[in-house]
Amino acid sequence: MSENLEAARVWLGRIQALPITEPIAVMNVCGGHERSLTHLGLRAVMPANVKIIPGPGCPVCVCPEEDLADAIALALSGTVTLVAFGDMLRVPINAAKGDVNSLAAARAAGGDVRPISSPQEAVAMARENPARPVVFFAAGFETTTAPVAAMLAEGVPDNLSVLLAARLTWPAVDMLLRDKDASLDALIAPGHVATIMGAEEWRFIPERYGLPVAVAGFSAESLLAALYSVLRQKLEGKPFLDNCYPELVSAQGNARAKHWLAEVMQVGPANWRGIGIIPDSGFTLRGEWQRYDARARHTVLAAPRKRAGEMPPGCDCASVVLGKLGPDQCRLYGNACTPQHPVGPCMVSDEGACHIWWQAGMRAA
Amino acid sequence: MCLGIPMQIMAIDRFNAECEARGVQRTVSLFMIEDSEVAVGDYVMVHVGYALRKITQEEARSSWELFDEMLAAVPE
């Protein structure tokens with residue numbers, strides 16, 4: 001087999017040789033990590049006392065209902081083309097029976113909704129038809145938001161605007177750790193978020209909370225190296241910031257990407273679906289870039305929602321996102337909620353823990 | 001959504017590069033990469049059509065191994 005797998009075996013051997021006598025809970029905060037961990041079967045080969053918990057690593061899952069409702073209302077208005085990353089289209093919101101409850105349903109009802117896989121597709125679409133307003137509904141973490149900032153900085157046609165639902169990753173982790181009941185012992189930090197923002201962004205974990213952290217890539221080798229690092233840090237009682245993805249991640253990250261982010265956007269308090277407002281956790285357009293804000297440009301937005309921000313009834317997605325419940329502990333998992341008929345966003349998105357666990361064949365506990 | 005895919009640069013036109021991976025070609029923006037950082041033949045980690053960073057051929061290869069393992073594991 002590959003050198004990669006050989007190296008992974010070496011790290012696994014080191015992990016299995018660690019004298020772990022107490023339970024250790026390690027949280028990952030990246031849907032990509034959760035996918036790799038689950039599909040590579042790494043949980044099954046961990047020592048019995050080590051628990052790996054999926055945390056807030058799914059931007060689609062925490063996208064506020066009110067933002068989705070605005071996007072749906074815009075799509076149904078018939079006056080704009082609404083583009084979004086494909087993941088967003090099937091995310092359901094609470095709606096009266098028979099009402100349009102997702103962008104996919106809005107499209108079925110005649111709304112001009114189109115999935116895209118790159119901001120550049122939104123630009124191309126706007127250029128092709130300058131008379132038609134195009135609204136780019138952009139949810140995502142830093143890795144996705146920096147390209148949106150770069151898109152605006154490079155220059156977009158006047159008929160393109162952005163409905164931004166972009167979030168920063170670390171403030172959710174900070175909020176989790178501030179909770180005295182948080183029973184987390186170590187963290188694995190997201191590799192491609194850190195490629196943009198830099199490993200240093202995660203230094204607050206050892207410094208403020210005295211917990212181990214390691215930035216990881218997505219291969220078995222990198223993830224096992226990071227798991228070994230944080231487990232060993234924990235056992236030795238010497239937490240620090242480790243970087244197990246140095247091929248891509250530098251201390252300060254991608255300077256140019258950060259420059260565009262700072263130029264085009266500002267950071268402020270933001271709502272996370274099912275979780276509430278987290279300080280300094282959301283991006284909005286700043287200064288002259290506000291002229292591209294879809295909210296400023298289009299008045300056809302959704303009416304204020306009575307239960308704004310909630311998950312669907314019975315759905316434990318918020319607890320799953322916060323690592324308080326495993327996907328298979330939700331009452332709906334695999335019963336009312338499957339990838340074919342998702343109730344909550346965690347079962348829709350490729351980065352949602354419920355979707356990932358179900359696809360890997362994990363069934364209700 | 002935060003998972004990048006490694007691609008090789010086949011041609012560069014200002015801020016845009018024609019990139020290729022596994023026979024699939026795509027236009028990739030170099031707008032988040034320093035001007036002198038990449039050249040034709042180099043590999044980059046690409047996310048939503050934007051190069052995040054130059055990577056080595058080795059890193060590109062091991063990332064693709066991971067994707068192959070995951071694609072093999074996921075039922076259609």
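Computed from heavy atoms alone, side chains included, the values below leave out hydrogens, waters and symmetry copies. Below, read A as the first sequence line, B as the second, and so on, with proteins coming before strands; counting in each chain starts at 1. Everything numeric in this text was worked out from a predicted model, so none of it was measured.
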Q. If you measure from NE2 on A:His192 to CD on A:Glu142, what distance do you get to the nearest 0.5 Å?
A. 13.5 Å
Q. What part of A:Ala149 lies closer than 4.5 angstrom to a heavy atom of chain B: side chain, backbone, both or neither?
A. neither
Q: Answer with side chain, backbone, both or neither: which region of A:Leu248 has an atom nearer than 4.5 Å to a non-hydrogen atom of chain B?
A: both
**Q.** Which portion of A:Ser117 sits near chain B, non-hydrogen atoms under 4.5 angstrom
**A.** both
Q) Under a 4.5 Å heavy-atom cut-off, does chain B meet the side chain of A:Ser222, its backbone, both or neither? A) neither
Q: Would you mind checking if A:Glu34 and A:Arg43 are paired as a salt bridge, meaning a charged N to carboxylate O distance below 4.0 Å?
A: yes
Q.
Which residues pass the disulfide bond (SG atoms under 2.5 Å apart) test with A:Cys354, not counting sequence neighbours?
A. none
Q. Top residue by heavy-atom pair count (under 4.5 Å) with chain B, among A:Glu121, A:His259, A:Met151?
A. A:Met151
Q | pair A:Phe218-A:Pro190: side-chain heavy atoms closer than 4.5 Å | A | no
Q | Exceeds 12 heavy-atom contacts within 6.0 angstrom, atom CD of A:Glu200 | A | yes
Q. What option among A:Ala257, A:Gly253, A:Ala150 has the most heavy-atom pairs under 4.5 Å with chain B?
A. A:Ala150
(Q) Taking the ring centre of each residue, are A:Tyr292 and A:Phe136 less than 6.0 Å apart? (A) no
Q) What part of A:Val249 gets closer than 4.5 Å to chain B, counting heavy atoms only: side chain, backbone, both or neither? A) backbone
